[in-house]
Participant: 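Let me begin by handing over the structure; questions about it come next.
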Amino acid sequence: MEFRIGQGYDVHALADGLPMWLGGIQIPSQTGFVAHSDGDVAIHALCDALLGALALGDIGHLFPDTDDRWKGVDSKELLTAVLGLPEMRGWSVVNADITIALQAPKLAPHILAMRDTLARVMGISPDRVSVKATTTEHLGFVGRREGCEVWAIVLIERK
Ligand code: MG
């Protein structure tokens, strides 16, 4: 049996009046993420973790923000595209673990929907997808509500 592990990290800035897409769902919020895509920082970290597991670079390289094809794109499509890469075909996702640092709004009511959505896109059961959320106790750029940062780790197994 052959396994690979990958980790991903992403940050997006927050601004008033933008939709907040996170973990594949829209979160009711006064602020949303500034981005070329829909700004789903959790999916971007997850994509980078998957790419990292196979040393395939990063999503900035794969989907450059200078390319209008990805303008406003639903990040679930980016995740599907990463999983559909020829190099990814011989592998299946064992599990993913995602940690989101966001000061507000509280994400607890949305964790299950994020897990379900990400699991559906990846074609695995929700018990293999962990989404955890934390504030930073008002410290740093996350604490000042200037942005959100996300870490993701995935394990993949050769089919
Ligand atoms: Mg990003």
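Counting convention: from 1, in listed order, for ligands and their atoms alike.
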Participant: Among the N, O or S atoms that H12 has, which is closest to the Mg ion (ligand 1)?
Facilitator: NE2
Participant: Between D10 and H44, does any side-chain donor sit less than 3.5 Å from a side-chain acceptor?
Facilitator: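 Yes, a side-chain donor-acceptor pair sits under 3.5 Å.
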Participant: Give the minimum heavy-atom separation between L51 and G57, together with the two atoms involved.
Facilitator: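 Smallest interatomic distance, heavy atoms only, reads CB-O, 3.4 Å.
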Participant: Tell me, which N, O or S atom in H44 is closest to the Mg ion (ligand 1)?
Facilitator: ND1
Participant: Does D10 put an N, O or S atom under 2.8 Å from the Mg ion (ligand 1)?
Facilitator: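 So D10 does bind the Mg ion (ligand 1) by this criterion.
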Participant: Determine, using the 4.5 Å side-chain heavy-atom cutoff (strictly less than), whether F63 and V121 are members of one ILVMFWY cluster.
Facilitator: yes
Participant: Of all the heavy-atom pairs spanning I43 and S75, show the shortest one and how long it is.
Facilitator: CG2-O, 3.4 Å
